[in-house]
Chemist: 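This is the structure I want to talk about, given as structure tokens.
Every chain is numbered from 1, with letters handed out A, B, ... down the list of sequences.
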Amino acid sequence: MKNYDHREIESAWQKRWDDAHLFEVDNTPSTREKAYILDMFPYPSGAGLHVGHLLNYTGSDILARFERMRGKDVLHPMGWDAFGLPAENYAVKTNVHPAISTEKNTLEYKRQFKQVGTSYDWTKEINTSSPEYYRWTQWCFAFLYKKGLAYRKDGLVNWCPKDQTVLANEQVVGGKCDRCGSEVVQRSLRQWYFKITDYADRLIADLDDLDWPEKIKSMQRNWIGRSEGAALWFAIDGSEEKVEVFTTRADTLFGATYLVVAPEHPLVTILTSDIQEAAVAAYIEETSRKTELERTFTDREKTGVFTGAYAINPATGEKIPVWVADYVLSNYGTGAIMAVPAHDERDYAFAQKFNLPIVRVLGDDSDELPLTSKGVLSNSGVYTGKDSEAAMKDIVASVGGERRVTYRIRDWLVSRQRFWGAPIPIAYDEEGAEYLVPDSELPITLPMNVDFSPTGKSPLVSALEWKQYRPDGENGPTLTRETDTLDGFVCSSWYFLRFPTPHDDTQPFDQTALKKWFPVDTYIGGAEHAVMHLLYARFLTKVFFDAKLVPFHEPFKTLKNQGMILGPDHNKMSKSKGNVINPDDVIAEFGADSLRAYEMFMGPFDQEKPWNTTGIVGVRRFMEKVWKLQEKVGSTKAGPDELRAIHFATKKVTEDIQGCRFNTAVSTLMELVNTLSQQETIQKDTFATLLKLLSPIAPHITEELWSLIGQDGFCSVAAWPTYDEAYLVVSEVSYPVQINGKVRANITVSSTATEDEVRAAAEANPTIQSYLKDQEIRKVVVIPGKIISYALNS
RNA sequence: GCCGCGGUGGUGGAAUGGUAUACACGAAGGACUUAAAAUCCUUUGCCUUCGGGCUUGCGGGUUCGAGUCCCGCCCGCGGUACCA
């Protein structure tokens with residue numbers, strides 16, 4: 001027997017798979033079942049992959065290989081989410097064009113992917129930064145523009161001072177730039193948006209049918225933030241103006257003792273009296289200097305200024321002051337609220353500080369204020385004594401209000417002041433009127449010679465020649481191209497549609513191919529994309545569905561999140577901590593099969609767990625045991641123990657892989673190998689079945705052994721084994737005997753024994769007899785095949 | 001605060017309401033070896049007067065039987081937050 005040399009085996013089989021085009025599929029309709037197993041495609045960074053990234057790709061590869069062996073057509077593609085800031089920043093530093101560094105990085109990623117034995121169909125490879133691809137990203141923008149779902153507007157936007165670009169709300173995490181961690185500031189700019197708010201209701205409702213982690217679904221629900229309430233209008237005393245407020249607690253209207261408008265509210269200047277003008281102006285100025293982070297710091301003291309104006313509470317007819325304060329957000333609801341200090345914590349704190357009246361309209365004096373729960377109304381005119389929830393509708397109607405739903409989610413800001421992204425297919429005339437570049441002229445390619453120095457504007461602003469656009473040729477007017485590029489998340493919100501037909505130059509995606517493959521059966525990636533990519537992708541899919549361009553309204557049926565792999569020190573892997581494990585090193589020492597199996601064996605797929613350098617040793621020992629088992633192949637007939645072991649393992653591994661319980665699939669195989677190792681000989685069929693069960697997890701060693709024992713073809717595409725329950729039954733079964741909940745003895749009876757026979761056998765046992773002596777049996781429970789339990793009266 | 005997830009040996013973890021601690025790492029002892037590595041074997045939750053007793057974050061409950069189900073807490077992780 002040769003030694004197990006992973007170095008020799010692994011690269012050889014990778015080459016044979018390639019040469020045989022083993023994992024390539026086409027889009028021809030088939031009667032066979034299909035499986036689309038997809039990874040969230042990576043951004044090819046200069047740092048390369050570490051072992052944490054491979055967890056995700058190994059999991060999906062096991063699923064793909066498993067489904068393939070089960071006879072399905074499997075689409076398992078890989079591509080590159082290649083537009084992005086790091087490549088551009090690298091270009092600023094080194095003057096290497098992003099296209100060049102990206103190309104280099106993708107080749108390195110591809111090498112690493114092949115080295116771990118992934119079974120991707122590389123004929124489907126896509127790269128979002130190639131004109132062949134981003135032509136259709138531009139087409140997507142144009143499509144939304146034509147549908148009225150892409151528009152440009154002025155407004156306050158999030159600006160990252162370090163990355164020198166605007167950001168979508170989803171990319172601001174805790175007031176900081178999701179990418180670089182800088183504190184985000186607000187700027188007033190004219191930017192491009194996608195109207196995701198039109199789809200808010202459906203994006204919430206359709207979550208119910210998705211097989212996704214509850215965590216992700218709840219994050220999306222919270223992010224969209226649907227809130228049912230009412231719009232109410234407050235007349236301004238001595239003016240024609242009305243202030244529209246949004247409230248979810250119209251039941252407390254009788255307790256509204258003042259109004260608050262946001263500092264950015266358009267009516268502020270009109271409302272402000274001459275006397276208060278200076279104070280209000282100073283306050284607005286002060287607010288505008290605060291960062292978003294400062295403003296969302298909830299436990300800071302409330303600030304605000306009286307405008308000098310009074311509104312009329314439409315329920316009580318009383319004059320109530322109008323204040324301006326930054327605890328009211330301009331971009332939620334109507335940017336104005338009715339303040340009910342008795343029943344809202346924030347209003348209460350504000351009223352306390354500025355000595356504003358507090359009027360109780362719920363509960364009685366025994367309830368401490370602020371009382372924020374609903375209940376029985378008090379001090380509320382004809383509604384006094386009624387249930388607040390029930391009275392809400394009538395109160396709204398009585399003052400001419402309107403029931404309304406608002407959302408927390410904002411439209412998706414898609415323009416970026418950066419170079420390395422898809423140019424927006426828009427041009428402007430001298431008056432600034434928009435002109436959509438026709439689809440026939442796409443792609444608008446990025447110029448090669450550009451000054452990347454950050455200026456706060458897109459580097460494309462300096463591409464003078466590129467910017468000029470003459471739609472009607474030399475004689476027509478010269479327009480100016482949009483110099484902002486599209487958010488990288490636009491590229492990644494439709495890429496899964498492109499995989500079946502990556503090189504189609506007539507359309508972005510193909511109906512027939514989509515019908516064959518969609519929806520994605522299993523999508524694997526990190527939870528950090530919960531309210532970004534996963535929301536945007538659902539949105540775009542729905543847009544295309546409505547236009548009958550795709551035959552499904554949700555792209556990803558099942559979603560799995562992989563857990564993070566921490567460094568051996570239990571910290572997040574990072575260069576600065578020096579705890580990064582490089583897969584190249586692990587593969588060189590232990591082999592790709594051991595790396596794959598160890599990553600799966602570490603613990604539940606979706607759980608965070610630390611890398612343990614000595615832990616992989618056990619998995620490598622397991623591979624050696626499998627290797628040695630080839631010497632035991634020889635017996636012509638498998639005994640009952642062997643048959644039971646292999647059929648049990650087949651059942652367990654099949655179920656575990658289906659449920660992404662890869663850790664227990666590996667331990668089941670370890671138990672099987674331990675059992676088989678103890679036998680003198682094993683049947684060839686048994687060994688072949690073991691190899692097939694192990695193949696998705698450790699594809700190289702199994703392929704080599706498959707060939708060594710003289711099996712035909714590739715183990716990687718051999719038919720997945722089936723099991724027969726008949727082999728799982730045992731002739732004798734051991735029963736623990738419990739007395740008052742404690743196990744006192746074990747008895748062995750025939751597996752066909754009746755309950756009475758089990759009980760008779762238990763009571764024949766001397767230990768049990770001694771426990772039962774002189775005792776009154778209250779109850780006996782026999783669970784067939786499991787346990788017998790006595791409850792005594794004592 | 002709100003939402004989601006979790007708490008089991010020295011470590012990673014296993015367990016359709018049915019013998020808690022599978023599988024693996026580590027550790028200890030032994031075999032082989034001149035020696036070491038590798039390999040193989042044994043032991044390995046805690047306490048014990050060696051009869052047994054205790055043990056899945058804490059306290060209750062349901063049940064013949066609870067890591068698992070119910071109620072009330074504590075702790076950790078992740079997300080989110082002046083969202084009216």
Chemist: Within the 4.0 Å heavy-atom criterion, would you say A:N746 contacts the bases, only the backbone, or no part of the nucleic acid?
Modeler: base
Chemist: Whether A:K302 engages the ring of A:Y327 as a cation-pi pair (distance to the six-membered ring centre under 6.0 angstrom, angle to the ring normal within 45°) should be assessed.
Modeler: yes
Chemist: Using a cut-off of 4.0 Å on non-hydrogen atoms, how would the nucleic acid contact of A:V173 be classed: base, sugar-phosphate, or nothing?
Modeler: sugar-phosphate
Chemist: Should B:rG76 be called syn or anti, with syn set as within 90° of 0?
Modeler: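 Anti for B:rG76; the angle lies over 90° from 0.
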Chemist: Using a 4.0 Å heavy-atom cut-off across all strands, classify A:E345 as base, sugar-phosphate, or nothing.
Modeler: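 Touches nothing.
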Chemist: Hey, is the side chain of A:N674 poking within less than 4.0 Å of OP1 or OP2 on B:rA22, counting only N and O atoms?
Modeler: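 For A:N674, the contact criterion (side-chain N or O under 4.0 Å from OP1 or OP2 of B:rA22) is not met.
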Chemist: CZ/A:R596 to CD1/A:I697 distance, rounded to the nearest 0.5 angstrom?
Modeler: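 Those atoms lie 9.0 Å apart.
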Chemist: By the 4.0 Å heavy-atom rule, please label A:E624 as base, sugar-phosphate, or nothing.
Modeler: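 No contact.
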Chemist: If you check every side-chain atom of A:K302, which of B:rC82, B:rA24, B:rG26 has the closest atom?
Modeler: B:rC82
Chemist: If you only use heavy atoms from C-beta on, which nucleotide in B:rU19, B:rC82, B:rC25 is closest to the side chain of A:T614?
Modeler: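 Selected nucleotide: B:rC25.
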Chemist: For a quick check of understanding: with a heavy-atom distance under 4.0 Å over all strands, which category does A:P213 fall into, base, sugar-phosphate or nothing?
Modeler: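 The answer is nothing, as A:P213 stays clear of every strand by at least 4.0 Å.
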Chemist: Touch check for A:S734, heavy atoms < 4.0 angstrom, all strands: base, sugar-phosphate only, or nothing?
Modeler: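 It contacts base atoms.
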Chemist: For residues A:N740 and A:Y771, is any side-chain donor paired with an opposing acceptor at under 3.5 Å?
Modeler: no
